[in-house]
Amino acid sequence: MAGGAIRFHYDVSGSEFSLAGTASADVKAQLKKMGVPSDAIRRAAIALYEGEINLVIHAGGGAIDVDMAPGVINMAITDEGPGIPDIDLAMSEGYSSASDEVRNLGFGAGMGLPNMKKYTDSFDIQSQVGKGTSITMSVRY
Amino acid sequence: MKISEVANWLGAEILTPDTDCEREVFTACGSDMMSDVLAYVKDQALLLTGLNNPQVIRTADRMDMICVVFVRGKRPEQPMLDMASNMGISVLATDKTMFHACGILYGAGLREYRG
């Protein structure tokens with residue numbers, strides 16, 4: 001904590017699918033304790049959860065940072081994975097590069113990134129092939 | 001409809017007896033794709049699924065659902081049930097198929113949420 005801000009940091013492992021979602025669960029619990037309105041908690045938790053799943057199935061892991069400011073939840077998801085060659089394509093509903101194995105686990109319908117944008121009030125994605133991807137998003141309340 | 005009544009309608013076993021099964025559910029959805037649940041579902045209290053992995057419970061929790069019904073005889077392992085209990089999610093298991101279970105609950109009055 002610095003200057004009154006409340007921050008959370010999570011390292012997300014890329015090796016264990018069954019653990020994906022533990023960071024967003026913790027964020028949800030923390031936001032509840034802080035008295036954040038339930039609708040904002042739900043939107044932030046879903047967006048972070050989608051991001052966690054992406055880190056595991058596409059990027060080989062990464063990091064999640066949450067920064068609380070008055071009336072806003074700022075979230076950053078970063079990885080050093082393969083990057084996204086065509087962001088517009090990746091943002092289109094139904095497009096997915098996920099494997100059949102991932103689909104058998106219930107994900108990979110091509111809704112992750114569009115869903116993160118849908119549930120948040122601001123959303124930005126930067127990606128470089130071979131370097132990684134960085135997403136910043138926020139939920140206001 | 002109470003969760004305990006859902007269990008009766010489906011002949012389902014309640015696998016999380018420590019959760020409150022007297023809570024009411026008014027809406028439900030059925031899917032094996034958690035991506036679709038996260039993308040298209042709004043304010044559903046109950047999820048029916050044939051998918052059996054921990055992401056089912058996490059998806060239900062992120063969506064603020066209070067009950068998950070595993071169909072086709074799927075039975076989650078104890079760590080998943082413990083996670084659900086900690087999140088306040090009641091877990092049921094029925095041998096009925098997805099189609100059959102959804103049909104029974106629809107006939108009993110449960111509906112999709114229509115915002």
Side-chain angles (χ1 to χ4, degrees), chain A residues 12 16-29 31-32 36-58 91-98 100-120 139, chain B residues 16 19 23 25-27 29-72 74-89 91 98 113 115:
Chain A
V12 178
E16 188 51 69
F17 177 78
S18 66
L19 293 178
T22 52
S24 54
D26 189 65
V27 170
K28 183 175 180 178
L31 296 181
K32 266 189 187 170
V36 173
S38 59
D39 175 67
I41 293 175
R42 178 157 73 161
R43 291 191 293 125
I46 293 171
L48 280 176
Y49 182 48
E50 293 276 23
E52 274 189 279
I53 295 289
N54 278 347
L55 286 178
V56 174
I57 66 180
H58 292 299
M91 289 300 299
S92 58
E93 290 189 6
Y95 173 80
S96 176
S97 59
D100 286 345
E101 184 187 359
V102 166
R103 288 195 177 87
N104 288 338
L105 292 167
F107 289 89
M111 296 305 298
L113 289 174
N115 215 21
M116 291 160 77
K117 186 176 182 179
K118 181 175 98 176
Y119 280 109
T120 53
V139 168
Chain B
T16 51
T19 59
R23 290 174 292 176
V25 291
F26 299 99
T27 54
C29 67
S31 180
D32 288 354
M33 280 299 281
M34 296 303 105
S35 286
D36 284 347
V37 174
L38 288 162
Y40 298 115
V41 172
K42 189 170 184 290
D43 290 338
Q44 309 287 359
L46 184 149
L47 169 66
L48 297 108
T49 187
L51 185 71
N52 186 359
N53 71 49
Q55 303 308 342
V56 172
I57 304 300
R58 295 202 178 99
T59 296
D61 175 67
R62 291 323 100 91
M63 301 298 286
D64 291 335
M65 292 170 162
I66 61 170
C67 181
V68 175
V69 178
F70 288 90
V71 299
R72 298 197 303 271
K74 303 288 174 67
R75 293 183 72 90
E77 294 181 359
Q78 194 58 44
M80 272 175 68
L81 297 176
D82 292 343
M83 188 199 313
S85 288
N86 287 335
M87 291 171 169
I89 297 171
V91 178
M98 175 76 93
Y113 174 84

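Below, chain A is the first sequence line, B the second, and so on; all start at residue 1.
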Report task. For chain B, find which of A:Lys28, A:Glu93, A:Lys118 contributes the most heavy-atom pairs closer than 4.5 angstrom. Result ->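 Highest number of heavy-atom pairs under 4.5 Å: A:Lys28.
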Query raised in the report: If you count heavy-atom pairs under 4.5 Å with chain B, which of A:Ala20, A:Ser24, A:Ala29 comes out on top?
Result: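 Answer, by heavy-atom pair count under 4.5 Å with chain B: A:Ala20.
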Requested in this report: Start with the C-alpha distance between A:Tyr119 and B:Leu38, add both sets of side-chain angles, then the distance that settles side-chain contact (heavy atoms from CB on, under 4.5 Å), and finish with yes or no.
Outcome: CA-CA 10 Å; A:Tyr119 280 109; B:Leu38 288 162; 5.7 Å; no
Might you point out which heavy atoms bring [X] and [Y] nearest each other, and give the distance in Å?
{"X": "A:Arg42", "Y": "B:Met63", "result": "NH1-O, 3.2 Å"}
{"X": "A:Leu105", "Y": "B:Leu51", "result": "O-CD2, 3.3 Å"}
{"X": "A:Gly108", "Y": "B:Met33", "result": "C-CE, 4.4 Å"}

Using non-hydrogen atoms only, which part of [X] is less than 4.5 Å away from chain B: side chain, backbone, both, or neither?
{"X": "A:Leu48", "answer": "neither"}
{"X": "A:Arg43", "answer": "neither"}
{"X": "A:Ser96", "answer": "neither"}
{"X": "A:Phe17", "answer": "both"}

Query raised in the report: With a cut-off of 6.0 Å (strictly less than), are more than 12 heavy atoms of other residues, nucleotides or ligands near CD of B:Gln78?
Result: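 It does: B:Gln78 CD has more than 12 such atoms within range.
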Query raised in the report: Is it the case that more than 12 heavy atoms not belonging to B:Lys74 sit under 6.0 Å from its NZ atom?
Result: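 Counting neighbours around NZ of B:Lys74, more than 12 heavy atoms of other residues, nucleotides or ligands fall under 6.0 Å, so yes.
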Query raised in the report: Roughly how far, to the nearest 0.5 Å, is OG1 of B:Thr59 from CD1 of A:Ile53?
Result: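 Here the interatomic distance stands at 6.5 Å.
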Query raised in the report: Quick one: CG on A:Asp39 to CG on B:Asp64, what's the gap to the nearest 0.5 Å?
Result: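 So the CG of A:Asp39 and the CG of B:Asp64 are separated by 9.5 Å.
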Query raised in the report: Contact part of B:Asp61 toward chain A, heavy-atom cut-off under 4.5 Å: side chain, backbone, both or neither?
Result: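 When you check distances to chain A, atoms from both the backbone and side chain of B:Asp61 fall under 4.5 Å.
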Query raised in the report: Pick one: which of B:Arg62, B:Gln55, B:Arg58 meets side-chain hydrogen bond (donor to acceptor under 3.5 Å, both in side chains) with A:Tyr49?
Result: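 Exactly one pass, corresponding to B:Gln55.
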